[in-house]
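Input: a single structure, listed below in structure tokens.
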Amino acid sequence: AHKTGMAVFPGSLNVALDRAFDWSAAELQPLIVPFAREEYGGERDILLVPCTLRNLRAQPAFLWTTTTAANGREDPWVVEIIAPVGLRETFRLRDGDEVEIALL
């Protein structure tokens, strides 16, 4: 099992991509860090994909979703990003700003 080794800011940044993000893509599977929730009474895994935000000083971050949300989004081109800092505040982001995401 992977360890993230990163504290996470209590909030996320939604980013609209230019195409749908396919959480089930074969090349993505080795990058996904699943977290089973059975011990908390949940039935969903949380999927984490490590990335860096290139134009935000290469900030380490994760794309994240639950398995249920990954399979049933009405807007599959939107991804949520979590990071150890508040991205909007730290980088003075506003709606419509571009964020370059590089998967690790």
Side-chain angles (χ1 to χ4, degrees):
H2 284 290
K3 293 188 179 197
T4 62
M6 176 172 57
V8 175
F9 177 81
S12 64
L13 179 71
N14 288 348
V15 176
L17 305 174
D18 56 6
R19 63 182 180 277
F21 188 81
D22 182 6
W23 285 93
S24 63
E27 65 272 11
L28 199 59
Q29 299 315 300
L31 302 176
I32 292 177
V33 181
F35 284 92
R37 301 281 305 232
E38 292 89 10
E39 67 270 24
Y40 303 109
E43 68 237 301
R44 297 171 185 93
D45 279 348
I46 296 172
L47 306 177
L48 293 173
V49 177
C51 63
T52 58
L53 308 178
R54 283 187 182 162
N55 63 329
L56 304 181
R57 297 193 300 256
Q59 173 66 55
F62 286 93
L63 302 183
W64 89 278
T65 189
T66 63
T67 51
T68 301
N71 296 324
R73 280 195 80 107
E74 292 180 16
D75 53 357
W77 58 89
V78 174
V79 293
E80 271 189 88
I81 299 173
I82 55 174
V85 298
L87 296 170
R88 282 187 175 273
E89 297 78 18
T90 301
F91 298 104
R92 295 191 166 99
L93 295 175
R94 295 197 301 229
D95 288 353
D97 286 351
E98 190 168 297
V99 177
E100 295 177 31
I101 302 167
L103 301 184
L104 299 179

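Every value quoted in this text rests on a predicted model; they were computed, and no experiment measured them. Computed from heavy atoms alone, side chains included, the values below leave out hydrogens, waters and symmetry copies. Throughout, numbering of the chain's residues begins at 1 and tracks the sequence.
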Side chain to side chain contact (heavy atoms under 4.5 Å, CB included) for Thr65 and Val49? Distances and angles first, verdict last. CA-CA 9 Å; Thr65 189; Val49 177; over 6 Å; no
I'd like to check the ring-ring contact (aromatic ring centres under 6.0 Å, His included) partners of Phe9; sequence neighbours left out, ordered by chain and number. none
Using a 3.5 Å distance criterion without hydrogens, assess whether the side chain of Gln29 forms a donor-acceptor pair with backbone atoms of Trp23. yes
Could you report the tightest heavy-atom contact between Arg73 and Pro76, atom names first, then the distance? O-CD, 3.8 Å
Would you call Val79 and Leu17 a side-chain contact if the rule is heavy atoms closer than 4.5 Å? yes
Candidate list Leu53, Leu56, Leu13, test side-chain contact (heavy atoms from CB on, under 4.5 Å), partner Phe91, passing option: Leu56
For Ala61 and Ala83, the nearest pair of non-hydrogen atoms, with its separation, is CB-CB, 4.0 Å
Pair Phe21-Leu63, side chain to side chain contact (heavy atoms under 4.5 Å, CB included): steps then yes or no: CA-CA 10 Å; Phe21 188 81; Leu63 302 183; 3.6 Å; yes
Residue pairs passing the side-chain hydrogen bond (donor to acceptor under 3.5 Å, both in side chains) test where at least one lies in residues 93-104, sequence neighbours excluded: Arg88-Asp95
Run the side chain to side chain donor-acceptor pair (under 3.5 Å) test against Thr52 and tell me which residues pass, sequence neighbours left out. none
Which Ile, Leu, Val, Met, Phe, Trp or Tyr residues join Trp77 in one cluster when any pair of side-chain heavy atoms under 4.5 Å counts as a link? Val78
Applying side chain to side chain donor-acceptor pair (under 3.5 Å), can you list everything that pairs with Arg54, at least two apart in sequence or on another chain? none
Closest non-hydrogen atom pair between Val8 and Ile82, with its separation: CG1-CB, 3.8 Å
Who pairs with Asp22 by side chain to side chain donor-acceptor pair (under 3.5 Å), at least two apart in sequence or on another chain? Ser24
Taking C-beta and beyond as the side chain, do Phe62 and Cys51 meet within less than 4.5 Å on heavy atoms? no
